[in-house]
Asker: 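Just passing along the structure, written as structure tokens.
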Amino acid sequence: MLEEGASDSATPSSNKLGIPAGCNPSDVLYKLAHSRGIKPPVFEMISEQGPPHARTYTWSCSFWDGKYQTMAAGRSKKEAKNAVAKALLDQVDVSVLPTRPPPRIKPDKKRKAPGEDIAGGPPGIKGKKGGNVPGFWTGGAMGMGPPAAKFRFGGPPGPMGGRFGPGAGMRPRNSREDQQVITKHRKIYPTQEELGTILKLTETVERALKRVSDKFVTPAVKPEVKEEKDADEKKNGDDGKENRDILGVARTGDLAKGLLLTGDRTVELVVMCREKPTLPLLAKVGEGLKEEVKTIPEPEKKGKIIINDGELEVVVKPRDAALLIKYKKEEDTFNVFIVLTCTKLRQTIATDNKENGDAASDVEIKKEGGGGEENNGVPKEDTQPDPHDMLPKEKCLNALAELRRAKWFSSMASPLESCVESIRIFREICRRVEAWQALSNWAVELLVERAVSTSDMPLSPHLAINRVLEAVSTGLLAKDGPGLKDPCEREYIDTTANL
């Protein structure tokens, strides 16, 4: 199931690098490239999302001219860079990397000490020049033992039990089964061309949405009220300078989590609106996007992948509360699915729960973002009725849920070793094996994260896969099993209830 075409000639376990505790993965990757005489790794920041107090950074890394590449996310630039370097080191097979010839050691031209007639021997021992005397080594330190082995990065294990020195804190070396899992992961990971096209299309659409948002800015009409109320508005950050219908855009789904597989052609974006999204607003944003994508600015037509004028098609989908951007490249069609939503929809649900005696509603509103209207730190309840032409509420609420899930994934699942790679493999199994197709993508992510996070030690790739299968064998997904609680919802929701 894991590997229908896996190579039986997997490399031995000693071909996989282990990272000792306290080492910086990005530094290890740079040193590995230098020791093997290849170009240094290329790190690139793909996206920066979230509010200023809870940023999420996504980085990509390419190694050995693009033969190894991956993505990872973190709550800081340093954390994301180290995470992507660590994920790439898990893929690198040392046996296939080029080797640099060892440096030539120049002979010592120091003058011999008086009475020293034997090369390397102590003074006072007579013999033929260059000969050996029993009981002495001619190249050893102080003439009392064999020459010390020279340490080389990535070379064979030293006498202290590790490839990098002492083996304390190191994960066990990968076995033959680990290499089969890594081989499978390489096959299902997107190619450089696929990943580059998706990222370029997403970046172009995000910039177009920013220009559309700028066009919709209207100056706020400040009512004539008391000076005390004006001071309160300034204190809360509402200075009355402008009103934006579109507050921002964020990546969700597989793109935000770094879980894209080869063959994926659709990514998701969420547009946050000031008010509850309506049909006129969706049509207005659609018309603005059509005008913006007709002519792509020249600064955006740079790089290996270029999107020219008129190559993007905008389709309005009112039933999905979304816009669909299509980009045809040769025989493939890449899509960007944009859903409109608003945090006031979540406030309405929290207010209803509060009326039913739920004291945690205020906390839930504050975590969600609040919509910007607060009074003394307590969000205002949304008492306005839903517009008659509002977009489907369920679709908008699902978009808010995807935002919470992407944030949870970056903080809980991404830092775990072998977790993201295992999720990709099980996601591919769910697509290919009929018995697994009923399991949703979110349920797969929770299943793997719970199985890997409960281990008391870092897991190698095949041990992580085995641990997930062991969790399934315990009846976790059975009809009378405990199921998987959604950690991004306040109420109890079983993500496997549909099985």
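The chain is numbered in sequence order, starting from 1. Computed from a predicted structure; not experimentally measured.
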Asker: Does the Arg274 side chain pair with the main chain of Arg244, one donor and one acceptor, at a distance under 3.5 Å?
Answerer: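 Yes: the side chain of Arg274 pairs with the backbone of Arg244.
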Asker: Any idea which heavy atoms bring Asp264 and Ile198 closest together, and the distance?
Answerer: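 Scanning both residues completely, I find the closest heavy atoms to be O-CD1, 3.5 Å.
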Asker: Within a strict 4.5 Å, meaning less than it, do heavy atoms of the Cys430 and Val444 side chains meet?
Answerer: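 Yes, their side chains come closer than 4.5 Å.
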Asker: Which pair of non-hydrogen atoms, one from Pro41 and one from Phe63, has the smallest distance, and what is that distance?
Answerer: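 Where Pro41 meets Phe63 most closely, the heavy atoms are CB-CD1, 3.9 Å.
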Asker: Which word best sums up how the rings of Trp408 and Trp442 line up, parallel for under 30°, tilted for 30 to 60°, or perpendicular for over 60°?
Answerer: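 Geometry flag for Trp442 against Trp408: perpendicular rings.
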Asker: Do Gln180 and His462 make a side-chain contact, defined as non-hydrogen atoms from C-beta onward lying under 4.5 Å apart?
Answerer: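 They are not in contact (no side-chain heavy atoms under 4.5 Å apart), so the answer is no.
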Asker: Charged N to carboxylate O below 4.0 Å: is that the case for Glu311 and Lys329?
Answerer: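 The answer is no: the pair does not qualify as a salt bridge.
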Asker: What's the separation between atom OG1 in Thr252 and atom CZ in Phe337, rounded to the nearest 0.5 Å?
Answerer: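 It is 10.5 Å, given to the nearest 0.5 Å.
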Asker: Distance check, rounded to the nearest 0.5 Å: Lys344 atom NZ versus Cys273 atom SG?
Answerer: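 Taking NZ in Lys344 and SG in Cys273, the distance rounds to 11.0 Å.
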Asker: Is it true that Glu428 and Arg432 have a side-chain N and a carboxylate O under 4.0 angstrom from each other?
Answerer: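 A salt bridge is present here (some side-chain N lies under 4.0 Å from a carboxylate O).
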Asker: Heavy-atom distance under 4.5 Å between the side chains of Leu312 and Ile307, does that happen here?
Answerer: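 Yes, their side chains come closer than 4.5 Å.
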Asker: Under the side chain to side chain contact (heavy atoms under 4.5 Å, CB included) criterion, do Asp90 and Ile182 qualify, and how do the steps go?
Answerer: CA-CA 8 Å; Asp90 288 339; Ile182 294 173; 5.8 Å; no
Asker: In plain terms, say whether Asp309 and Lys294 are close enough for a salt bridge, that is, a side-chain N and a carboxylate O under 4.0 Å apart.
Answerer: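 Salt bridge: no.
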Asker: Checking side chain to side chain donor-acceptor pair (under 3.5 Å) against Arg265, which of Thr333, Asn335, Asp332 comes through?
Answerer: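 The option that passes is Asp332.
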Asker: Looking only at heavy atoms, what is the nearest atom pair of Val452 and Cys419, with distance?
Answerer: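 Of all heavy-atom pairs spanning Val452 and Cys419, the closest is CG1-CB, 4.4 Å.
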Asker: Which value, rounded to the nearest 0.5 Å, describes the distance between Asn82 atom CG and Lys78 atom NZ?
Answerer: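 Here the rounded value is 6.5 Å.
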Asker: How many angstroms lie between atom CG of Asp214 and atom CD of Glu292, to the nearest 0.5 angstrom?
Answerer: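 Interatomic distance, Asp214 CG to Glu292 CD, rounded to 0.5 Å: 9.0 Å.
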Asker: Run the numbers on Val285 and Val271 for side chain to side chain contact (heavy atoms under 4.5 Å, CB included), then give the verdict.
Answerer: CA-CA 10 Å; Val285 175; Val271 170; over 6 Å; no
Asker: Evaluate the side-chain proximity of Ile338 to Val336: yes if any heavy-atom separation is below 4.5 Å, no if none is.
Answerer: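 Yes, their side chains come closer than 4.5 Å.
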Asker: Could you walk me through whether Ser62 and Tyr68 pass the side chain to side chain contact (heavy atoms under 4.5 Å, CB included) test, one step at a time?
Answerer: CA-CA 6 Å; Ser62 177; Tyr68 295 98; over 6 Å; no
Asker: Closer than 4.0 angstrom, basic N to acidic O: yes or no for Lys393 and Asp386?
Answerer: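 The answer is yes: the pair qualifies as a salt bridge.
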Asker: Should Leu88 and Val84 count as side-chain neighbours, where that means a heavy-atom distance under 4.5 Å?
Answerer: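 No, every pair of side-chain atoms sits at 4.5 Å or beyond.
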Asker: Do the non-hydrogen side-chain atoms of Cys396 and Cys342 ever get within less than 4.5 Å of each other?
Answerer: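 A side-chain contact under 4.5 Å is absent here.
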Asker: Please find the pair of heavy atoms, one from Ser460 and one from Asp178, that lie closest to each other, and give the distance.
Answerer: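 So the minimum-distance heavy-atom pair works out to OG-OD1, 3.2 Å.
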Asker: As a quick check of understanding, evaluate side chain to side chain contact (heavy atoms under 4.5 Å, CB included) for Val249 and Val270, giving each step before the final call.
Answerer: CA-CA 6 Å; Val249 60; Val270 171; over 6 Å; no
Asker: Looking at every heavy atom in both Glu79 and Pro415, which two are closest together, and how far apart are they?
Answerer: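 Looks like OE2-CG, 4.4 Å.
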Asker: Whether the side chain of Arg75 engages the backbone of Thr56 through a donor-acceptor N/O pair (distance < 3.5 Å, no angle test) should be reported.
Answerer: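 A pair under 3.5 Å: no.
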Asker: For the residue pair Lys257 and Ser410, confirm or rule out a side-chain donor-acceptor distance under 3.5 Å.
Answerer: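 Absent: no donor and acceptor within the cut-off.
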Asker: Under a 3.5 Å cutoff, is there a donor and acceptor pairing between the side chains of Thr495 and Asp486?
Answerer: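 Short answer, no.
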Asker: Compare all side-chain heavy atoms of Pro482 with those of Leu476 and state whether any distance is below 4.5 angstrom.
Answerer: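 They are in contact (side-chain heavy atoms under 4.5 Å apart), so the answer is yes.
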Asker: Taking atom CG of Leu403 and atom CD of Gln49, what is their separation to the nearest 0.5 Å?
Answerer: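 The distance works out to 8.5 Å.
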Asker: With no hydrogens and no angle check, is any side-chain donor or acceptor of Ser422 less than 3.5 Å from a backbone partner on Ser418?
Answerer: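 Judged by distance alone, yes, a pair lies under 3.5 Å.
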Asker: Where the side chain of Ser411 meets the backbone of Lys407, is there a donor-acceptor pair that is under 3.5 Å apart?
Answerer: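 Yes; at least one donor-acceptor contact below 3.5 Å.
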Asker: Measure from the side-chain N and O atoms of Thr341 to the backbone N and O of Ala399, and report whether any donor-acceptor pair falls under 3.5 Å.
Answerer: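 Looks like no, no N/O pair under 3.5 Å.
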Asker: I need the minimum non-hydrogen distance between Ser26 and Lys81, along with the two atoms involved.
Answerer: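 Residues Ser26 and Lys81, closest heavy atoms: CB-CE, 4.4 Å.
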Asker: Is the shortest heavy-atom distance from the side chain of Thr278 to the side chain of Leu391 under 4.5 Å?
Answerer: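 No, every pair of side-chain atoms sits at 4.5 Å or beyond.
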Asker: State, without any angle test, whether Thr58 and Arg251 hold a side-chain donor-acceptor pair at a distance under 3.5 Å.
Answerer: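 No, no side-chain donor-acceptor contact under 3.5 Å.
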Asker: Is it true that atom CD of Gln437 has more than 12 heavy atoms of other residues, nucleotides or ligands lying nearer than 6.0 Å?
Answerer: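 Count over threshold, so yes.
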Asker: Is the number of heavy atoms from other residues, nucleotides or ligands under 6.0 Å of Lys301 NZ greater than 12?
Answerer: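 Result for NZ/Lys301: enclosed.
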Asker: Check this for me: does any side-chain nitrogen of one of Lys304 and Glu193 sit under 4.0 Å from a carboxylate oxygen of the other?
Answerer: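 Glu193 and Lys304: not salt-bridged.
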Asker: Would you call the rings of Tyr189 and His185 parallel, tilted or perpendicular, taking 30° and 60° as the class edges?
Answerer: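 The rings of Tyr189 and His185 sit tilted, inter-plane angle from 30° to 60°.
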Asker: Using 4.0 Å as the upper bound for N to carboxylate O, is an ion pair formed by Lys284 and Glu287?
Answerer: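 No, Glu287 and Lys284 are not salt-bridged.
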Asker: Does Arg207 pair with Glu203 as a salt bridge, N-O distance under 4.0 Å?
Answerer: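 A salt bridge links Arg207 with Glu203.
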Asker: Indicate yes or no: does Arg405 engage Glu402 in a salt bridge with an N to O separation below 4.0 Å.
Answerer: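 Looking at Arg405 and Glu402, the cut-off is met.
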Asker: Identify which one of Lys200, Lys210, Arg211 satisfies the salt bridge (charged side-chain N to carboxylate O under 4.0 Å, His left out) criterion when paired with Glu300.
Answerer: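 Between Glu300 and the candidates, salt bridge (charged side-chain N to carboxylate O under 4.0 Å, His left out) is satisfied uniquely by Arg211.
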Asker: Measuring from atom CD1 of Ile305 to atom OG1 of Thr204, what distance do you get when rounded to the nearest 0.5 angstrom?
Answerer: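 Rounded to the nearest 0.5 Å, the CD1-OG1 separation comes to 10.0 Å.
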Asker: Determine whether a donor-acceptor pair (N or O, by modelled atom type, separation under 3.5 Å) exists between the side chain of Asp494 and the backbone of Lys485.
Answerer: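 Answer holds: no.
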Asker: Give a yes or no on whether a salt bridge exists between Glu445 and Arg427, defined as a side-chain N under 4.0 angstrom from a carboxylate O.
Answerer: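 Judged by the 4.0 Å cut-off on N to carboxylate O distance, Glu445 and Arg427 do form a salt bridge.
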